[in-house]
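As structure tokens, the structure follows; a few thoughts come after it.
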There are 2 protein chains.
Amino acid sequence: MEKKRIINKITEAGLKKTKYRVNILYLLEKANTLLSAQDIHELLIKNKIKVNLSTVYRTLDKLTENDIINKVELEQEKQSLYEYNRDEHHHFIICKNCNKIETIYNCPLHDYEEQVMKESGFQITGHKIEFYGYCKECQTLMNVSSF
Amino acid sequence: MEKKRIINKITEAGLKKTKYRVNILYLLEKANTLLSAQDIHELLIKNKIKVNLSTVYRTLDKLTENDIINKVELEQEKQSLYEYNRDEHHHFIICKNCNKIETIYNCPLHDYEEQVMKESGFQITGHKIEFYGYCKECQTLMNVSSF
DNA sequence: CTCAATGCAAACCGTTTGCATGCTC
DNA sequence: GAGCATGCAAACGGTTTGCATTGAG
């Protein structure tokens with residue numbers, strides 16, 4: 001029973017177990033991609049789970065506050081996106097043509113942070129990287145369309 | 001006459017030289033920091049230059065499209081910020097306590113981009129890094145306040 | 001003179017909030 | 001039963017847009 005783990009995540013954080021928290025977290029865990037509040041809202045409705053959009057937002061806030069999910073804000077996306085937190089440091093690469101988002105698990109910044117700390121005097125607690133470019137498919141398409 | 005250079009920037013891009021374009025670009029060049037559309041609007045009004053906020057937005061859009069200024073969207077800022085484009089690759093480090101933003105000119109990613117290109121197949125055209133942490137002053141304050 | 005720039009007011013859209021009601025612990 | 005979660009409708013705030021007017025080339 002996979003929902004058990006989901007429910008544990010919620011109760012262990014000291015949160016009340018409610019229908020929407022369980023379903024939304026389950027959805028994000030299963031989806032295994034970035035989803036917006038609206039995406040989640042639509043998916044729930046499609047699955048006959050009637051819920052208000054503001055409840056979705058409040059649920060996502062609570063789950064984010066408790067580090068159960070991550071809120072991801074990308075430059076070209078107006079909407080905030082959310083992902084299940086699997087405790088793996090990662091970044092994103094975004095295709096400027098088709099907007100596909102891929103995940104990069106390899107991070108070059110650990111050494112560099114030391115250096116930035118020394119130079120800036122900041123105590124660094126985190127960072128964010130986004131790469132932009134064109135994915136393989138779009139590179140091909142662009143070559144074809146301008147032959 | 002320093003405004004000459006500003007005007008050149010505008011006309012060289014093929015843009016009409018207008019009162020607001022000149023003043024807004026001049027402002028950004030002189031300010032030498034990140035400013036929001038609202039900041040710019042207020043600064044103009046204070047300097048007796050009556051302008052509509054939507055004109056400020058349209059002007060900033062045009063200048064951004066023409067790479068004369070940069071539009072900067074930081075995670076914790078709701079507003080977009082703008083800076084004069086001095087053609088120096090850089091990133092930002094943001095204090096999570098006081099929100100001070102400092103600039104980092106040193107960039108560790110050039111080598112790494114190669115690697116990401118090979119692994120992802122993306123043709124990378126750019127990247128963005130934000131660092132988060134606490135600036136010197138805030139580190140001191142936090143030590144004092146929890147002595 | 002022509003077309004782009006501007007002012008103004010209204011729309012947009014993702015997100016938040018206040019309040020009454022419902023549900024978990 | 002107490003207090004947090006939810007639904008609903010309205011507000012919020014940065015940004016965009018449609019349209020009439022002005023101004024640059």
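Remember, it's a predicted structure, so these values are computed and weren't measured experimentally.
- The side chain of B/Thr59 lies closest to C/dT6, out of C/dG7, C/dT6, D/dA9.
- Aromatic pair A/His127/B/His91: ring centres not closer than 6.0 Å.
- With hydrogens and angles ignored, no donor-acceptor pair closer than 3.5 Å exists between the side chain of B/Arg21 and the base of D/dG23.
- A salt bridge between B/Glu29 and B/Arg5 is present, with a side-chain N of the basic residue lying under 4.0 Å from a carboxylate O of the acidic one.
- When the C1' atom of C/dT15 is taken as reference, atom CD of B/Gln79 falls 16 Å away, rounded to whole Å.
- The CG atom of B/Leu63 sits 15 Å away from the C1' atom of C/dT6 (whole-angstrom rounding).
- Dashed line: the shortest gap from a side-chain N or O of B/Ser80 to OP1 or OP2 of D/dT15 is under 4.0 Å.
- As a whole-Å value, the separation of B/Leu53 CG from C/dG7 P is 11 Å.
- Here D/dT15 presents its P atom at 10 Å from CG of B/Leu60, a figure rounded to the nearest Å.
- The B/Val51 side chain lies nearest to C/dG7 when the options are D/dC8, C/dG7, C/dT15.
- Rounded to an integer number of Å, the gap from CG of A/Asp61 to C1' of D/dA5 is 13 Å.
- Of the two residues near DNA chain D, B/Leu81 and B/Leu15, the one whose nearest nucleotide lies more 5' is B/Leu81.
- Taking 4.0 angstrom as the limit, A/Thr18 places none of its side-chain polar atoms (N or O) nearer than this to OP1 or OP2 of D/dA5.
- With rounding to whole Å, A/Lys50 atom NZ is found 13 Å from C/dG22 atom C1'.
- The interatomic distance linking B/Asn52 (CG) with D/dT17 (C1') rounds to 12 Å, in whole Å.
- A cation-pi arrangement is absent between B/Lys136 and A/Phe122, since the terminal nitrogen or guanidinium carbon is not both under 6.0 Å from the aromatic centre and inside a 45° cone about the axis.
- For the pair A/Tyr20 and D/dG7, the criterion of a side-chain N or O lying under 4.0 Å from OP1 or OP2 is met.
- Between B/Leu35 and B/Leu43 there is a side-chain heavy-atom pair separated by less than 4.5 Å.
- Residue A/Arg58 places its side chain closer to D/dG7 than to any other of C/dG7, D/dG7, D/dG14.
- Between A/Tyr82 and A/Leu34, the closest side-chain pair of non-hydrogen atoms is not below 4.5 Å.
- Each of B/Val56 and B/Lys16 was assigned the nucleotide of DNA chain C with the nearest heavy atom; the assignment lying further toward the 5' end belongs to B/Lys16.
- Note: B/Tyr105 and B/His90 have tilted aromatic rings, judged against thresholds of 30 and 60 degrees for the angle between ring planes.
- Residue A/Lys17 is in sugar-phosphate contact alone, with no base atom involved, counting any heavy-atom pair closer than 4.0 Å across all strands shown.
- Among the atoms of the strands shown, none is found under 4.0 Å from any heavy atom of B/Ser36.
- An OP1 or OP2 oxygen of C/dT16 is reached within less than 4.0 angstrom by no side-chain nitrogen or oxygen of A/Tyr57.
- Side-chain proximity of A/Thr55 to the nucleotides C/dA5, D/dG7, D/dT15 is greatest for D/dG7.
- The separation between A/Glu65 atom CD and D/dA5 atom P is 10 Å, rounded to whole Å.
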